[in-house]
Amino acid sequence: MGGRPRLSVYRAVVFLSRLEPRTARTTAEVVKCVVWPLAVLTVLHRVVVKAVNGFRTDDFTPVYNAALAFLNRRPVYTANFEWVDPHYLYPPSGTLLISPIAVIDPERSRWLFIIANAIAIIVALYLLLRMFGYGLDSVLAPILLLAAFSSETVTNTLVFTNINGLVLLGEVAFLTLLLRRRDLWAGVAIGLTFAVKPILAPLLLIPFVRRQWKVFVTAAAVPLGLTLVAWPLSVDAWAFVERTTPYLFEARDYFNSAIVGNGMYYGLPAWLILALRVVLGLMVVVSLWLLYRYCRHDELFFVGTSSGVLLTASFLLGSLGQMYYSMMLFPLLMTVVLRNSVMRNWPAWLAVYGFMSYDSWLSGRWPEAGRAAEYMKTTFGWSLLLIVIFAVLLDRYLAARREGRLADGIEPSFLLPEHEPARKAELVATNRGDG
């Protein structure tokens with residue numbers, strides 16, 4: 001009888017001894033030990049508590065009601081666009097895809113939809129890690145998970161219960177397959193997102209300039225095929241064309257962080273709104289030209305950076321940009337691990353704070369200033385991000401031209417071959433610090 005207590009004590013001692021190893025931990029191991037529990041509990045909190053509780057608005061109910069109407073052969077496109085409540089805006093192909101959510105009751109369906117989006121986001125983050133050459137055993141894995149689920153874009157995607165998590169997975173799958181030259185499958189991935197919403201359409205410029213023509217075959221065939229199936233099953237499919245499509249191209253002055261939306265909200269003259277869009281649009285064109293002309297052979301850098309520029313421009317310069325769209329910029333933010341990244345400077349991350357932070361700047365003491373900071377932070381963040389990328393790329397171009405090395409690209413000078421000894425010394429110092 002006395003053996004069992006001694007065995008339990010022995011097991012407890014063995015377990016506790018693992019908390020304090022005999023050899024010193026490396027810096028990377030310490031960081032992982034600290035961040036992994038924070039990341040896991042943050043994920044659980046966002047999914048189980050905040051998302052289930054809900055807050056402020058509800059993107060799921062109109063989607064559920066539309067799916068229920070579709071299954072019961074009732075009109076789907078009946079929204080009153082004079083109201084500011086969330087509207088159902090998916091095309092018939094998207095209605096077909098989401099219709100299974102109405103098979104069960106709304107509450108359990110919403111919970112499953114939250115879980116599906118959370119899983120999709122986690123899978124997308126894993127694919128991002130793999131895209132940039134990292135795995136789950138890297139110190140970056142828990143940092144990325146914690147940062148993503150602490151952001152406004154992931155938190156409100158889950159809380160409002162919309163489909164953006166699944167769209168993010170489609171985006172990252174598209175970019176991953178594009179880099180691996182699996183063109184037809186890349187088209188399938190982005191085509192499925194087109195069937196629901198065309199938010200990723202600007203990304204088609206990347207396979208176009210890379211001459212990956214097969215992407216366009218499946219990118220068009222998937223939504224077209226789903227539309228052909230869904231159209232006869234919908235009793236008011238043509239209403240999407242007549243009523244919903246015109247609304248999608250209208251700019252509104254509420255819940256809209258695009259330049260035109262905030263400009264209308266604050267009463268800016270039309271010429272000033274247009275001027276801001278034109279100036280930033282020109283910066284985008286120059287940035288994309290520099291990326292294509294001098295950086296396209298560095299495929300990971302080119303695809304990751306170009307995708308961010310294209311999507312940020314579409315959010316900021318288009319008719320509608322909402323803060324939680326910023327989730328689609330995760331591939332751009334991940335380029336910070338690349339030595340030639342345009343994100344390795346503090347103004348870029350000041351911009352990221354603007355469109356990623358969950359902080360609210362509404363103030364009871366300074367209501368007007370707080371309201372302006374709250375409503376403008378996303379517009380400011382997207383604008384600053386485009387300005388920073390433009391400035392970094394232009395500076396590299398001017399430096400390369402001044403030094404007569406444009407024929408070799410516009411890589412920053414510290415990455416040139418003559419600086420290789422210094423780079424190796426830096427890597428050795430870094431490795432020693434980690435181990």
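Keep in mind that what you see is a predicted model, and the values were worked out from it rather than measured. In this chain, numbering begins with 1 at the start of the sequence shown.
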**Request:** Working to the nearest 0.5 Å, report the span between CG of Leu329 and CG of Leu385.
**Result:** 7.0 Å
**Message:** Between Asn256 and Tyr375, do the side chains contain a donor N or O and an acceptor N or O under 3.5 Å apart?
**Reply:** no
**Request:** Verify the neighbour count for atom OH of Tyr247: are there more than 12 heavy atoms of other residues, nucleotides or ligands below 6.0 Å?
**Result:** yes
**Ile163 vs Thr157 side-chain heavy atoms within contact, under 4.5 Å** = no
**Item:** Beyond-backbone contact of Leu89 with Lys197, side-chain heavy atoms, under 4.5 angstrom
**Value:** no
**Message:** Does Tyr134 have more than 12 heavy atoms from other residues, nucleotides or ligands lying within 6.0 Å of its OH?
**Reply:** no
**Prompt:** Are His297 and Phe302 close enough that their ring centres sit under 6.0 Å apart?
**Reply:** no
**Asked** How about Trp382 and Ser326: does a side-chain donor come under 3.5 Å of a side-chain acceptor?
**Response** yes
**Request:** Measure across Leu338 and Phe301 and return the closest heavy-atom pair with its distance rounded to 0.1 Å.
**Result:** CD1-CA, 3.8 Å
**Prompt:** How far apart are the closest heavy atoms of Thr42 and Ser150, and which atoms are they?
**Reply:** CG2-OG, 3.9 Å
**Message:** Between Glu299 and Arg181, does any side-chain N to carboxylate O distance fall below 4.0 Å?
**Reply:** yes
**Asked** Side-chain donor-acceptor pair under 3.5 Å between Tyr353 and Asp359, yes or no?
**Response** yes
**Message:** Tell me whether Asn162 contacts the main-chain N or O of Phe60 through its side chain, where contact means a donor paired with an acceptor under 3.5 Å.
**Reply:** no
**Item:** Which atom of Asn340 lies closest to which atom of Arg396, heavy atoms considered
**Value:** O-NH1, 2.8 Å
**Asked** Is a donor on one side and an acceptor on the other found under 3.5 Å between the side chain of Thr153 and the backbone of Tyr324?
**Response** yes
**Request:** Mind listing the closest non-hydrogen atom pair of Val388 and Val342 along with its distance?
**Result:** CG1-O, 4.3 Å
**Item:** Donor + acceptor pair across side chains of Thr161, Asp59 (<3.5 Å)
**Value:** no
**Request:** Determine whether more than 12 heavy atoms belonging to other residues, nucleotides or ligands lie under 6.0 Å from atom CH2 of Trp185.
**Result:** no
**Asked** Between Thr95 and Tyr88, does any side-chain donor sit less than 3.5 Å from a side-chain acceptor?
**Response** yes
**Asked** Taking everything shown except Trp361 itself, do over 12 heavy atoms lie less than 6.0 Å from its CH2?
**Response** no
**Asked** Where do Pro223 and Ser93 come nearest, in terms of heavy atoms and distance?
**Response** O-CB, 4.1 Å
**Message:** Tell me if the CZ atom of Arg296 is crowded by more than 12 foreign heavy atoms within 6.0 Å.
**Reply:** yes
